[in-house]
Amino acid sequence: MSLPLIPLLLLSTAMPAAPDPEVPASTAQQPQQQDGDIVVTARRREERIQEVPVALSVLSGATLAEAGAFNVARIQQSQPALQFYSSNPRNTAINIRGLGAPFGLTNDGIEQGVGFYVDGVYIGRVGASTFDFVDVERVEVLRGPQGTLYGKNTTAGAINITTRKPSFTPEVRYEASAGGYDFLQLKASASAPIADDKLAVRLSTSVTKRKGTIYDTKSDTNLHRLDNYGVRGQLLWRAAPNLDLTLSGDFNLQNPLCCVQYYVRTGATQRPLNRQYAALAAAFGYAPPSTNPFDRKTDLDADINSRQEIGGASLVANWDLGPATVTSVSAWRYWDWQPANDRDFVGLPITTVSQNPSQQKQVSQELRIASNGRNKLDYTAGIFLFHQTIDTQGSQVQGPAASRWLLNPTGAAANNPATLNGLTSNNTINFSNTSFAVFGKLNWEALPSLRIQPGLRVNYDKKSGFYESIVSIHNARYNFVATADNAAALLGAGTATADQFNTLAPQRYSPKFDQWNVSGDLTVSYDFSRDVHGYATYARSFKSGGINLSGLPLNQTNTAVDLSTQTVKPEKVNHFEIGLKNQFLDRRLTLNLAGFWTEISDYQATVNNNAINVIRGYLANAGKVRSRGFEWDSSFRPSERANVYFNGAYTDAKYTRFTNAPCPPELSGGTAITNPATQTAAPAGQQGFSPSSCNISGQVLPGISKWALGFGGEVNAPVEGGQVYLGYDGSWRSRFSSNPSPSAYTWIQGYALSNFRLGYRKGKVNAFAWVRNAFDKRYFELLSVQSGNTGLIVGQPGDPRTWGFTIGGSF
């Protein structure tokens, strides 16, 4: 394939950092060298961001604090190419340029395509990335494959978080915020030497509280609250002038009443009219507390929560040998997830329990060597070992309203609550993942100003799992045994009725996957001048194959399991990128451009099995997807009294071939038929018929806006030896699909958000008032389809307007 002709795109710096209270306003920006340039470690060495031939943005700790971006979800507003979606921490996805993780339900047996790192430690579960930032120095966002530089393969990009290190100069930092919805956030850190020039310690903590923004009329409770606590400790030992070791440990606890989706709208499906939402609700005399979702009211009849613990320890050693530095990163981490959900989304006892408590443990070891300085030939090479286990204990219980809601009302069983009341599925899910990699990258100055940078990665992945669902009702228990033709057999006392079996079916299987793959990249960069740098990159990458651990698809009668869907093949990525990084006017004006074209075959997509009346996402390999576009980052500091930034991304992300996709709700729910020529419902437009699958080739990928912008700036004036300043941060994104197969019912319309701050800074103190979503924009983060094709569309709204006051500083 030849490189397509596309416009240059921009990338590198994100919005300019707000001045750090410790730095005079005339020089405050982001992590700096003496010449004022931003320094990053994206390529495992300290470099000027403008000279790094990677699409890269950086946000300083000061910028994060003033923007109120205290977790990953909040940094996407200033990062147009970054997408973060979370219906709850376990069902979280971080994507870059629309790629990285399947949109929808999380599956324990797959990996993310966007690597998440904290102080060099890879975080194996996306849910574990939802902690509050504590004592962060900077956040780097890298776009595009990074597998030849990072321990874990990252086919879509990486988020690299660096925290502040222990200091041999005593210091204390503090930050306190209070505001609407009883918002309270306290952050503090302290660092001091224990032994002069030998041993130093740093302790950091954060507490975040806020009243919920959604009111539950049944429990008289405000949901979607914030209740977060985090603590982090670091011990730095300079064992020798050229050897230092940093021992770190952290603990994070979150206990929000989250996450709820509720009534947004209804739409017609192919289900019989007496089994669609309007008729079903009428049969119970049910109405939601409001049909306006921005009244922020729901009526849950089941417990809801998303309590999680996140923690771990790491030991990082850096040994400077002169020409090169050897780095070792050893880590152990855990994630304990204790949820409760109302997964029928209405105030009726249809599904009274639906939850998947999960415990993850991981150990990792990375050892790498990187040349020091800037030489004719620079290099980075490393090995990486990773082992992860996940244990999940799922359960689902049907309530007394399940029979009438889920079964055909023309039958006697639907009018007997006892048919499904108490029907229970208890799931045991185990996962083991071991991976090993050798990776490296060279940087050769072939000619003055011309550098050739090849990279190579050899990767091995081995995954195994176990899934068992045991179904019980009225003291009878049913296990699943696969016969020679994969027909279901029941073991246990009693006899399951067809209605019970078709609602919750037992399953058992033990998938396995292992594979070697080789990937690599080649970058050619050229320094046109001191402040103009260009690059072109080709990368051939792989996202590891996976195993399905959320239940396998069944046939229409739920009497056969398709065991061929136990595993999914690796994604194969071909990536092209060109970029130009520019600075003008004595580096006060930055304009960085980047253009990309990424094609993925065997794309791993989450699909839903709507043959049964339970949400069950499973993985499949779509034929091919393509993401292409361009990005720009620009900032301008005309004087010490003002700065502005304008970042943007155009992303054209589509399924180029997906002929057997699940159908959108408007084509689902009827009698399954297949029209091989069109793969659409036939007879055309006739109620009650659905295609067995749909061809969505050429349609957009979910969750990605074609256009996304981030913009803002700050002006200041001297007052009483300090500064008064006014800052603004805005964002806008065009509409996007919120369903794996685009549906007329699940488009989220474009929206703009505006944040303002007004403050005073003097010396090491910074105090400011702020308002976020200042114009109280009503928008959705997610829309979802109720299981079973009733036509109910539920959603999760974004935060309303909030306001508050923050004071921070150091001494």
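Note that these values count all heavy atoms, side chains included, but never hydrogens, waters or copies made by symmetry. None of the values given here were measured: they were computed from a predicted structure.
Panel note: side chain S741, backbone P662; a donor-acceptor pair is recorded below 3.5 Å. Remark: the backbone N or O of P102 is not paired with any side-chain donor or acceptor of Y603 at under 3.5 angstrom. When atom types are taken as modelled, the side chain of R90 and the backbone of S306 share no donor-acceptor pair closer than 3.5 angstrom. A donor-acceptor pair under 3.5 Å is absent between the side-chain atoms of Q362 and the main chain of I123, judged by distance alone. Under the 3.5 Å distance criterion, the side-chain polar atoms of N621 are matched with a main-chain donor or acceptor of K569. Side-chain atoms of T92 come within 3.5 Å of backbone atoms of N88 as a donor-acceptor pair (strictly under, hydrogens ignored). For the pair N71 (side chain) and R74 (backbone), a donor-acceptor distance under 3.5 Å is present. Of the possible donor and acceptor atoms, one in the side chain of T269 sits under 3.5 Å from a partner among the backbone N and O of N789. With hydrogens and angles disregarded, a donor-acceptor distance shorter than 3.5 Å links the side chain of S705 to the backbone of S734. The closest donor-acceptor contact from the side chain of N739 to the backbone of P742 lies at 3.5 Å or more, if one exists at all.
With no hydrogens or angles considered, a side-chain donor-acceptor pair links Q796 and E781 at under 3.5 Å. For the residue pair T656 and E599, no side-chain donor N or O sits within less than 3.5 Å of a side-chain acceptor on the partner. Using modelled atom types, one finds a donor on one side chain and an acceptor on the other under 3.5 Å when comparing S469 with S425.
A salt bridge between K361 and D391 is absent, with no side-chain N of the basic residue lying under 4.0 Å from a carboxylate O of the acidic one. For the pair E468 and R508, the salt-bridge criterion is met [side-chain N within less than 4.0 Å of a carboxylate O]. Under the 4.0 Å criterion applied to side-chain N and carboxylate O atoms, K624 and D602 are not assigned as salt-bridge partners.
Within the 4.5 Å cutoff, side-chain heavy atoms of Q453 are placed close to those of P53. Contact of the S627 side chain with the T651 side chain is registered, since non-hydrogen atoms from C-beta on lie closer than 4.5 Å. At least one side-chain heavy atom of Y467 sits less than 4.5 Å from a side-chain heavy atom of N427. Proximity of T598 to L99: side-chain heavy atoms (C-beta onward) are separated by under 4.5 Å at one or more points. Contact check for N695 versus F658: no side-chain heavy atoms found under the 4.5 Å cut-off. Side-chain contact between S738 and F780 is absent, with no heavy-atom pair separated by less than 4.5 Å. Contact annotation: the side chain of N153 approaches that of R457 to within less than 4.5 Å [non-hydrogen atoms, C-beta and beyond].
Under the 6.0 Å distance and 45° angle rule, R657 does not count as a cation-pi partner of Y655. Relative to the six-membered ring of F596, R143 misses at least one condition, a distance below 6.0 Å or an angle of at most 45° to the axis.
The nearest pair of heavy atoms linking K512 to T567 is O-CG2, 3.2 Å.
Looking at residues two or more places apart in sequence or on another chain, you find a ring pair (Phe, Tyr, Trp, His ring centres under 6.0 Å) between Y751 and Y779. Applying the ring pair (Phe, Tyr, Trp, His ring centres under 6.0 Å) rule to Y122 yields the partners Y117, F386; only residues at least two apart in sequence or on another chain are considered. Among residues two or more places apart in sequence or in another chain, the ring pair (Phe, Tyr, Trp, His ring centres under 6.0 Å) test is passed with F513 by none. N95 pairs by the side chain to side chain donor-acceptor pair (under 3.5 Å) definition with nothing, not counting sequence neighbours. Remark: R125 engages D108 in a salt bridge (Lys or Arg N to Asp or Glu O under 4.0 Å) (not counting sequence neighbours). For K152, the salt bridge (Lys or Arg N to Asp or Glu O under 4.0 Å) partners two or more places apart in sequence, or in a different chain, are E111, D461.
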Subject >> Verdict with reasoning, N160 to Y150, per side chain to side chain contact (heavy atoms under 4.5 Å, CB included) >> reply: CA-CA 10 Å; N160 187 27; Y150 282 74; 3.8 Å; yes
Subject >> Working for salt bridge (charged side-chain N to carboxylate O under 4.0 Å, His left out), residues R626 and D652 >> reply: CA-CA 8 Å; R626 180 211 64 216; D652 178 20; 2.8 Å; yes
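Atom CD1 of I94 sits about 4.5 Å away from atom CD1 of I159, to the nearest 0.5 Å. Summarising the geometry, atom OG belonging to S784 is positioned 3.5 Å from atom CD belonging to Q261; distances are rounded to the nearest 0.5 Å. Rounded to the nearest 0.5 Å, atoms CG (N548) and CD1 (I429) are 11.0 Å apart. Atom CD1 of I793 and atom CG of L783 lie 7.5 Å apart (nearest 0.5 Å). Between atom OG1 of residue T537 and atom OH of residue Y535 there is a gap of 6.5 Å, rounded to the nearest 0.5 Å. N91 contributes atom CG, which lies 9.5 Å from atom CG of L782 (distance to the nearest 0.5 angstrom).
The distance between the ring centers of W707 and Y650 falls below 6.0 angstrom. Aromatic pair F576/Y538: centroids less than 6.0 angstrom apart.
For the side-chain hydrogen bond (donor to acceptor under 3.5 Å, both in side chains) test with Q388, the passing option among R333, K463, Q360 is Q360; the others fail.
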